[in-house]
Amino acid sequence: ETGVTQTPRHLVMGMTNKKSLKCEQHLGHNAMYWYKQSAKKPLELMFVYSLEERVENNSVPSRFSPECPNSSHLFLHLHTLQPEDSALYLCASRRTGGPYNEQFFGPGTRLTVL
Amino acid sequence: DQQVKQNSPSLSVQEGRISILNCDYTNSMFDYFLWYKKYPAEGPTFLISISSIKDKNEDGRFTVFLNKSAKHLSLHIVPSQPGDSAVYFCAARADNYGQNFVFGPGTRLSVLP
């Protein structure tokens, strides 16, 4: 238990569906991240929020839309996804204010797009 | 082009022996390096880190070595235990990367009883 929770743990959706992934951290951190992990590839950074402002958007297609309503919650809204978007989506949080603070990861959402 | 490389996708080691996992990087601006461990159906968990001002950091059975001139770091686990079987990710950050960390593709370690 890392203090970062993600729901749902598994999601199967069609290409025309709209769904949302949720991440919640109970660690008092002020930066939150979305990563995508495809098979045998490094974790790919998608978005970073620091103090509830999006500070990085790593050329992610607009069919992925993040939302950070407060420092404890992070959402990833999905619409009209493609089969190649099937992957493990990981959320992480971190305390800013120091370069040596590690990230704490949630368990991930395994997404399958049919 | 990957900035953090883990060239061995997998490694098998006998219980009680030493496991050595390697990581190479290309960006000389990286100043902080971390190792994460990931079990199936769980997110990565932080294991150990090292700042670029050091060449070694030790925590129990885990030691990380950094060779800046070679842009190489390694994680030593001794003695290896079956519970160490997992995927190990190397990660790096640089001051000019803001909040971003760059991850390697991971090495799957199997410790055989």
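Chain naming here is simple, since letters A, B, ... match the order of the sequence lines and numbering starts at 1 in each. Everything numeric in this text was worked out from a predicted model, so none of it was measured.
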same_hphob_cluster(B:F62, B:I50) at 4.5 Å side-chain heavy-atom cutoff: yes
Between A:W34 and A:L45, is there shared hydrophobic-cluster membership here, with clusters defined by ILVMFWY side-chain heavy atoms closer than 4.5 Å? no
Do any of residues 68-76 of chain A come closer than 4.5 Å to chain B, heavy atom to heavy atom, and if so which ones, in number order? none
To the nearest 0.5 Å, what is the distance between CG (A:L43) and NZ (B:K38)? 8.5 Å
Write down the atom of A:L90, the atom of B:G43, and the distance for their closest heavy-atom approach. CD2-CA, 4.1 Å
Connected via hydrophobic side-chain network under 4.5 Å: B:Y25 and B:L75: yes
At their closest point, which heavy atom of A:Q103 faces which heavy atom of B:Y36, and how far apart are they? N-OH, 2.9 Å
Ring pair (Phe, Tyr, Trp, His ring centres under 6.0 Å) against B:Y88, all qualifying residues, sequence neighbours excluded: none
I'd like to check B:P105 versus A:K41 (side-chain heavy atoms, cut-off strictly below 4.5 Å). Are they in contact? no
Look at the side chain of B:Y32 and the backbone N and O of A:N101, then say whether any donor-acceptor pair between them is shorter than 3.5 Å. no
Side chains of B:W35 and A:E102, heavy atoms from C-beta outward: is any pair under 4.5 Å? no
Shared hydrophobic cluster, B:L47 / B:L11 (ILVMFWY, side-chain heavy atoms < 4.5 Å): yes
Using ring centroids (six-membered ring only for Trp), state whether A:F105 and B:F46 fall under 6.0 Å. no
Is there a continuous path of hydrophobic side-chain contacts, each under 4.5 Å between heavy atoms, that joins B:V13 to B:I18? no
How about CZ on B:R17, more than 12 heavy atoms from neighbouring residues, nucleotides or ligands closer than 6.0 Å, or not? no
Residue set satisfying ring pair (Phe, Tyr, Trp, His ring centres under 6.0 Å) with A:F64, at least two apart, ordered chain then number -> A:Y89
Name, in order of residue number, those residues of residues 106-114 of chain A that have a heavy atom at a distance of less than 4.5 Å from a heavy atom in chain B; otherwise write 'none'. A:G106, A:P107
